[in-house]
Amino acid sequence: MSTLAYPSADFPGQPSVALEVPDGWEPAHAPGTTMAARLPRDGGFAPNVLVTIASCGPEFDVQESLEQIASLATSRGGTVSEPYAADLGGAQFVGCDATWPDPDVETVLQANLFHLVRSGSPDAGAHVVQLTGAVGGPDAVDDYELIRQVLTTVRVTPWGEDQADSSVDTPASAAADTAGTAAGTASGTDA
């Protein structure tokens with residue numbers, strides 16, 4: 001009889017993600033998100049950044065995520081930018097910006113970035129890390145630079161098979177020592 005465990009080499013754990021946020025930003029919690037932060041603002045749209053990590057199959061293509069963003073923006077009467085590439089903290093992301101009208105804040109701008117973290121085994125699943133930065137209202141264009149600065153600090157560290165021996169007793173968590181810069185720029189976006 002053999003033992004199966006999560007996380008393990010057969011069932012890799014989620015990657016860890018770290019972001020640097022400026023003074024004044026606060027943690028935010030929302031269903032379906034792994035981590036989020038926002039800059040509180042009285043009476044206006046609070047610039048925010050969300051991180052989600054989702055399991056996916058070995059055949060997953062990030063293009064599916066880009067298509068979901070395009071569908072969302074189009075359904076709200078908006079548009080998306082052409083996809084762009086960004087090297088953030090040594091991880092290759094693919095992104096697009098979305099914008100749509102909003103009755104409460106005039107316009108929502110959203111930056112969406114996706115990074116696929118594969119395990120060592122071609123048959124094992126993978127994890128898709130999604131970063132979404134959102135701004136809105138009359139300050140959206142200026143606030144876009146704020147979320148962009150936060151997004152470029154991301155560090156993604158894949159779960160490693162070397163953690164398999166301790167994975168049953170201790171969850172894996174590590175942060176890569178990398179600094180990122182966006183290779184592509186977007187026209188403003190919102191999470």
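Between Phe11 and Tyr6, the shortest heavy-atom contact is O-CD1, 3.2 Å. For the residue pair Thr52 and Gly32, the shortest heavy atom distance occurs at CG2-O, 3.2 Å. For Val135 against Ala140, the heavy-atom pair with the smallest separation is CG2-O, 3.3 Å. Between Pro7 and Pro12, the shortest heavy-atom contact is CB-C, 4.2 Å. Across every non-hydrogen atom of Pro40 and Gly24, the tightest pair is CD-O, 3.2 Å. Annotation for Cys96 and Pro83: closest pair CB-CA, 4.5 Å, computed over non-hydrogen atoms.
For Phe114, there are no ring pair (Phe, Tyr, Trp, His ring centres under 6.0 Å) partners at least two apart in sequence or on another chain.
No chain of hydrophobic side-chain contacts below 4.5 Å, direct or via other Ile, Leu, Val, Met, Phe, Trp or Tyr residues, connects Val128 to Phe93. No continuous path of hydrophobic side-chain contacts links Leu66 to Tyr84 [ILVMFWY only; heavy atoms under 4.5 Å]. Under the 4.5 Å side-chain heavy-atom criterion for Ile, Leu, Val, Met, Phe, Trp and Tyr, Val62 and Val117 are members of distinct hydrophobic clusters. Using a 4.5 Å cut-off between side-chain heavy atoms of Ile, Leu, Val, Met, Phe, Trp and Tyr, with links allowed through other members, Ile69 and Ile147 fall into different hydrophobic clusters. Both Val49 and Met35 are members of a single hydrophobic cluster when ILVMFWY side chains are connected at heavy-atom separations under 4.5 Å.
With rounding to the nearest 0.5 Å, the separation of CZ in Arg155 from CD in Glu20 is 5.0 Å. To the nearest 0.5 Å, atoms OG (Ser65) and CG (Asn112) are separated by 9.5 Å. A distance of 7.5 Å separates OG in Ser16 from CD1 in Ile53, rounded to the nearest 0.5 Å. Rounded to the nearest 0.5 Å, atoms CZ (Phe60) and NE2 (His127) are 12.0 Å apart. One distance of note links CZ of Phe45 with CG of Asp143; it measures 9.0 Å at 0.5 Å rounding.
Without hydrogens or angle criteria, Thr33 side chain to Leu50 main chain gives no donor-acceptor distance under 3.5 Å. Counting only distance, with no hydrogens or angles, the side chain of His115 and the backbone of Gln92 share a donor-acceptor pair below 3.5 Å. The backbone N or O of Pro58 lies less than 3.5 Å from a partner atom in the side chain of Arg118, making a donor-acceptor pair.
You'll find the side chain of Cys56 reaches within 4.5 Å of the side chain of Leu116, heavy atoms only.
A side chain to side chain contact (heavy atoms under 4.5 Å, CB included) with Val51 is found for exactly one of Val156, Leu151, Leu19, Leu113, namely Leu19.
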Worksheet item: Hey, mind stepping through Leu131 and Leu88 against side-chain contact (heavy atoms from CB on, under 4.5 Å) and telling me if it holds?
Response: CA-CA 11 Å; Leu131 308 176; Leu88 302 174; 4.2 Å; yes

Tabulate below the donor-acceptor pairs under 3.5 Å that side-chain atoms of residues 70-80 make, not counting sequence neighbours, or state none.
from	atom 1	to	atom 2	distance (Å)
Thr74	OG1	Ala70	O	2.8
Ser75	OG	Ser71	O	3.4
Ser75	OG	Leu72	O	2.8

